[in-house]
Protein chains: 4
Amino acid sequence: MSSKYKSLKEKVYKANMDLVKKGLVIYTFGNVSQIDRENNVIAIKPSGVDYDILKPDDIVLIDLKGNPVDTSLRSSSDTKTHLKLYNKFTDIGAVVHTHSKYATAFAQAKLSIKCLGTTHADYFYGDVPCTDIISDEMLAKDYEEETGSLIVDTFKKNNIDYHSVKACLVACHGPFTWGADAEEAVFISDVLEEIAEQNYITHTLNPAIESIKLTLMNKHYFRKHGKDAYYGQEI
Amino acid sequence: MSSKYKSLKEKVYKANMDLVKKGLVIYTFGNVSQIDRENNVIAIKPSGVDYDILKPDDIVLIDLKGNPVDTSLRSSSDTKTHLKLYNKFTDIGAVVHTHSKYATAFAQAKLSIKCLGTTHADYFYGDVPCTDIISDEMLAKDYEEETGSLIVDTFKKNNIDYHSVKACLVACHGPFTWGADAEEAVFISDVLEEIAEQNYITHTLNPAIESIKLTLMNKHYFRKHGKDAYYGQEI
Amino acid sequence: MSSKYKSLKEKVYKANMDLVKKGLVIYTFGNVSQIDRENNVIAIKPSGVDYDILKPDDIVLIDLKGNPVDTSLRSSSDTKTHLKLYNKFTDIGAVVHTHSKYATAFAQAKLSIKCLGTTHADYFYGDVPCTDIISDEMLAKDYEEETGSLIVDTFKKNNIDYHSVKACLVACHGPFTWGADAEEAVFISDVLEEIAEQNYITHTLNPAIESIKLTLMNKHYFRKHGKDAYYGQEI
Amino acid sequence: MSSKYKSLKEKVYKANMDLVKKGLVIYTFGNVSQIDRENNVIAIKPSGVDYDILKPDDIVLIDLKGNPVDTSLRSSSDTKTHLKLYNKFTDIGAVVHTHSKYATAFAQAKLSIKCLGTTHADYFYGDVPCTDIISDEMLAKDYEEETGSLIVDTFKKNNIDYHSVKACLVACHGPFTWGADAEEAVFISDVLEEIAEQNYITHTLNPAIESIKLTLMNKHYFRKHGKDAYYGQEI
């Protein structure tokens with residue numbers, strides 16, 4: 001069976017390695033998964049395996065309940081967070097978690113990343129939210145699954161569309177991002193870190209700074225997204 | 001006809017790639033153009049094409065109204081900002097736009113980059129201004145063209161000579177620079193980012209810091225520019 | 001006799017070189033040692049030898065009192081700090097000292113590194129403490145030995161278990177870390193610097209930030225350590 | 001005659017290139033010179049020549065008054081600052097000027113670099129001073145020569161020994177360093193930048209921080225310098 005998912009495993013392997021190349025993770029501080037929605041099979045990084053020795057074949061295949069499909073390695077310790085996101089954000093194709101410096105610092109500072117400029121608005125329609133701190137009740141249950149619920153609830157509570165803001169900061173923890181596939185989800189992680197750093201510098205220069213006005217945000221976001229987009233090449 | 005502009009396209013291609021090498025852009029976050037003033041033909045980066053796969057032949061040729069000259073790719077989404085600058089700053093030869101970290105943060109903080117030292121004064125005669133936030137009236141018109149007007153108006157309103165300050169921050173957006181050719185405009189973008197970072201560190205160390213005195217600015221700027229310059233080699 | 005310790009010297013050589021590769025030291029700003037507890041022989045970097053020219057055979061062998069075992073090079077000027085740690089933290093296998101940027105800055109600011117997030121809690125069970133400033137009485141005695149005592153006393157005074165917090169900041173100086181072997185101690189130095197930088201960014205964004213709650217710290221630390229750990233692969 | 005100074009030119013060439021490799025200068029933002037005290041001949045970088053195309057033979061030879069000895073290229077625009085230092089600091093062998101980020105920011109903030117830790121005390125015996133802003137009277141005279149005088153006067157006025165503090169920040173400008181030869185002066189520039197960055201981070205974490213106490217500074221400085229030094233290998 002593993003040959004059937006060879007391409008999926010290779011994509012997830014490559015995306016995990018890209019996290020290292022882009023400087024978003026050191027050691028084992030991150031993980032990428034991608035789902036095959038037709039077969040409900042998810043490929044995800046194994047837990048605690050160094051990127052130096054990770055091979056495409058080490059990528060773990062599981063189903064939507066976390067049961068192993070064909071491998072003997074244990075999946076990422078954050079697996080249940082990924083599963084919750086696949087179950088609730090029903091049309092996303094991939095999830096990425098990192099501890100990238102600036103995005104993690106915003107999560108630690110319990111601050112959402114405000115939309116301070118067009119670099120942000122080009123990719124995220126509005127602030128990237130930060131969840132509440134996980135409650136002791138949630139901690140006493142299944143920690144990783146509850147972390148996924150925190151993200152989902154934050155989006156629901158604040159009426160944020162997960163299609164137009166593909167990232168969330170988990171308070172005291174770090175960023176999760178998603179996308180159509182592993183490549184896009186890694187791209188979003190990378191852009192998020194860039195935006196977080198620019199936001200940090202801006203905030204230090206001018207602590208009173210507020211989000212840009214909606215009209216400018218609309219202009220930039222919809223220049224790149226939706227039916228009236230005119231950025232890029234026609235395909 | 002494309003052979004006629006082969007050299008122009010190659011220069012613009014190389015300058016776009018230099019933005020990546022110098023760390024001024026990631027992904028597609030920037031663009032360079034250069035004009036052939038004799039024929040009023042502009043070579044500019046195509047919209048949304050990754051630097052990884054960009055080739056010299058992909059560079060788009062347009063006229064001063066933005067009409068295509070010889071290519072089927074769509075030009076940069078910021079094309080009309082470039083055109084406005086070529087039309088109003090009548091002897092510049094190239095335009096660069098980036099989202100480089102520190103210069104963008106100043107633009108997001110709506111702060112001009114004050115002249116805090118001789119590194120700045122060696123290249124810019126005075127502060128690098130930041131525009132006002134684009135008005136909703138301007139947003140409702142042609143956004144990219146109005147962005148160019150914002151820059152031109154900022155220089156006019158503040159009596160800044162675009163020959164001695166070859167850069168402007170667009171509020172909530174990022175830096176634009178220009179020069180005699182694409183190589184110089186990229187150089188100015190790079191120096192601007194260096195100066196912005198030094199300014200940021202200085203500002204954090206001493207928030208009350210003010211611009212250097214005019215006599216020192218004159219000394220450094222005119223050591224390198226104008227008829228009494230004595231920096232560099234005689235040619 | 002040196003052939004008996006060839007492997008030990010090579011491990012210590014490699015760990016010293018890794019400090020440079022990871023960007024934790026420049027020039028001679030650091031040192032690594034590892035102990036053979038069976039024979040009470042310690043391999044340590046020679047004093048003031050550039051990493052450029054350091055060879056495995058230059059690594060110095062000494063006993064627990066600092067007496068040379070087989071070499072003519074002088075051991076690191078910080079040798080007695082290492083010895084004190086081996087003598088008091090009786091089951092550690094290696095010690096690392098660096099002047100890495102962010103950890104050193106916390107030491108200079110005389111601030112412990114608070115546990116602000118799960119990245120920290122994954123590796124350190126609680127704050128990484130900063131010692132008091134060394135007293136003039138201690139300075140008048142054996143400086144390097146007293147530096148070791150400062151570390152040991154800080155852990156004792158604050159009831160910190162050196163098995164679960166494998167790092168200490170020496171006030172006005174910089175970080176020391178330890179571990180089972182040189183590889184782990186270097187890993188801890190690297191993670192410490194990453195965490196210190198994230199802490200710095202967080203602190204700048206939100207100066208009022210406090211350590212995360214104990215329940216969350218417990219969850220993350222014991223997810224990776226101890227008998228109930230479920231991170232990584234079963235061996 | 002040039003063959004006589006071939007080795008001197010090569011050392012100065014190499015030291016200039018090292019500034020680029022170490023990330024202390026971009027473009028032409030720096031210069032190194034070294035003096036042959038026996039013949040009073042100084043080798044110095046030519047003015048405004050890009051490091052990309054600089055060759056050992058381009059290094060300019062001048063005497064202590066700045067007169068050319070054997071070359072047709074114009075020497076660095078900062079030549080007279082170097083000459084002043086060679087004339088007044090009578091046993092230094094080399095001078096380096098950079099616009100390295102953090103040291104320049106301190107100069108722009110008009111702040112000396114306080115001795116906040118042992119990394120600093122290992123190389124500089126006390127604060128690295130920042131000069132006053134150059135007066136209009138001095139600017140009206142020979143600017144570069146007066147810049148040298150500012151440095152010399154700052155050391156005299158504050159009773160600083162240029163043998164134990166081999167660096168000075170020129171207000172609104174940037175750092176100058178010196179040493180026995182070009183290699184040491186470049187080393188000091190590099191250590192100065194590292195220390196300036198650590199100082200900046202420390203200052204941001206704890207703005208009330210003060211210099212370390214004299215007893216600790218003495219311990220570290222004299223561990224590495226003077227007749228009682230015990231750092232490094234006996235030669």
Side-chain angles (χ1 to χ4, degrees), chain C residues 23 25-30 46-50 58 60 71-79 97-113 130 133-144 146-147 169-174 196-197 199-204 207, chain D residues 18 21-24 100-102 113-123 127 183-184 186-225 228-235:
Chain C
V25 310
I26 59 168
Y27 299 109
T28 59
F29 292 22
S47 180
V49 175
D50 266 358
D58 295 334
V60 180
T71 183
S72 58
L73 284 182
R74 197 189 269 175
S75 66
S76 166
S77 59
D78 294 313
T79 295
H97 173 47
T98 78
H99 290 239
S100 66
K101 282 190 177 73
Y102 287 88
T104 299
F106 275 87
Q108 293 188 158
K110 294 156 208 157
L111 295 172
S112 61
I113 302 180
C130 182
I133 299 174
I134 195 164
S135 69
D136 286 352
E137 287 73 29
M138 292 173 101
L139 269 170
K141 289 193 240 171
D142 190 307
Y143 171 62
E144 289 82 8
E146 296 296 322
T147 298
L169 307 178
V170 176
C172 306
H173 191 151
E197 185 174 357
N199 193 305
Y200 169 80
I201 304 168
T202 307
H203 181 272
T204 308
Chain D
D18 279 349
K21 275 191 216 153
K22 289 171 192 298
L24 299 170
S100 67
K101 281 190 178 70
Y102 288 89
I113 301 179
K114 285 183 193 168
C115 178
L116 299 186
T118 63
T119 325
H120 184 121
D122 279 341
Y123 299 99
D127 300 357
E183 189 183 349
E184 194 202 3
V186 168
F187 170 76
I188 296 289
S189 284
D190 199 15
V191 171
L192 179 70
E193 180 63 9
E194 183 78 9
I195 282 167
E197 184 174 358
Q198 291 185 354
N199 193 305
Y200 169 81
I201 304 169
T202 307
H203 181 272
T204 308
L205 285 168
N206 186 352
I209 200 75
E210 286 299 329
S211 297
I212 62 172
K213 60 185 176 181
L214 186 62
T215 48
L216 181 57
M217 192 165 79
N218 280 338
K219 180 68 201 175
H220 265 265
Y221 189 76
F222 294 114
R223 186 165 94 143
K224 290 209 174 184
H225 301 88
D228 295 326
Y230 57 94
Y231 179 88
Q233 305 300 323
E234 290 181 74
I235 306 163

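Labels below follow one simple rule: chain letters A, B, ... track the order of the sequence lines, proteins then strands, and each chain is numbered from 1. Fair warning: this is a prediction, and the values are worked out from it, not measured in the lab.
The structure places CG of D:N199 at 8.5 Å from NZ of D:K114, a figure rounded to the nearest 0.5 Å. To the nearest 0.5 Å, the span separating NE2 on D:H120 from SG on C:C172 amounts to 12.5 Å.
Per-residue counts of heavy-atom pairs under 4.5 Å with chain C were compared for D:T202, D:D122, D:N218; the largest is that of D:T202. Chosen from C:A140, C:G174, C:S47, the residue pairing most often with chain D at heavy-atom distances under 4.5 Å is C:S47. Your options are C:V49, C:I133, C:T104, C:L139, and the one with the most heavy-atom pairs under 4.5 Å with chain D is C:L139. Among C:S75, C:G48, C:S76, the residue making the largest number of heavy-atom pairs under 4.5 Å with chain D is C:G48.
Contacts of D:K22 with chain C are made by side-chain atoms alone, with heavy-atom separations under 4.5 Å and no backbone atom involved. Within the 4.5 angstrom heavy-atom criterion, only side-chain atoms of C:Y27, from C-beta onward, approach chain D. With a 4.5 angstrom heavy-atom cutoff, C:E197 does not touch chain D via any of its atoms. If you measure heavy-atom distances from D:H203 to chain C, you find no contacts under 4.5 Å at all. Interface remark: C:L111 contributes side-chain atoms only to the contact with chain D (heavy atom separation under 4.5 Å).
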Distance-only criterion, 3.5 Å: show the donor-acceptor pairs between side-chain atoms of residues 204-212 of chain D and protein atoms not counting sequence neighbours.
| unit_1 | atom_1 | unit_2 | atom_2 | d |
| --- | --- | --- | --- | --- |
| D:T204 | OG1 | C:Y200 | OH | 3.4 |
| D:T204 | OG1 | D:Y200 | O | 2.8 |
| D:N206 | OD1 | D:A208 | N | 3.3 |
| D:N206 | ND2 | C:A109 | O | 3.1 |
| D:S211 | OG | D:D127 | OD1 | 3.4 |

**Q.** Trace of the side chain to side chain contact (heavy atoms under 4.5 Å, CB included) decision for D:I113 with D:L192
**A.** CA-CA 9 Å; D:I113 301 179; D:L192 179 70; 4.0 Å; yes
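If you check the side chains of D:K224 and D:Y123, you find a donor sitting under 3.5 Å from an acceptor.
When side chains are defined from C-beta on, C:R74 does not count as touching C:V60, because their heavy atoms never get closer than 4.5 Å.
Taking the six-membered ring where tryptophan is involved, the planes of C:H173 and C:Y143 are essentially parallel, since the angle between them stays under 30° and well short of 60°.
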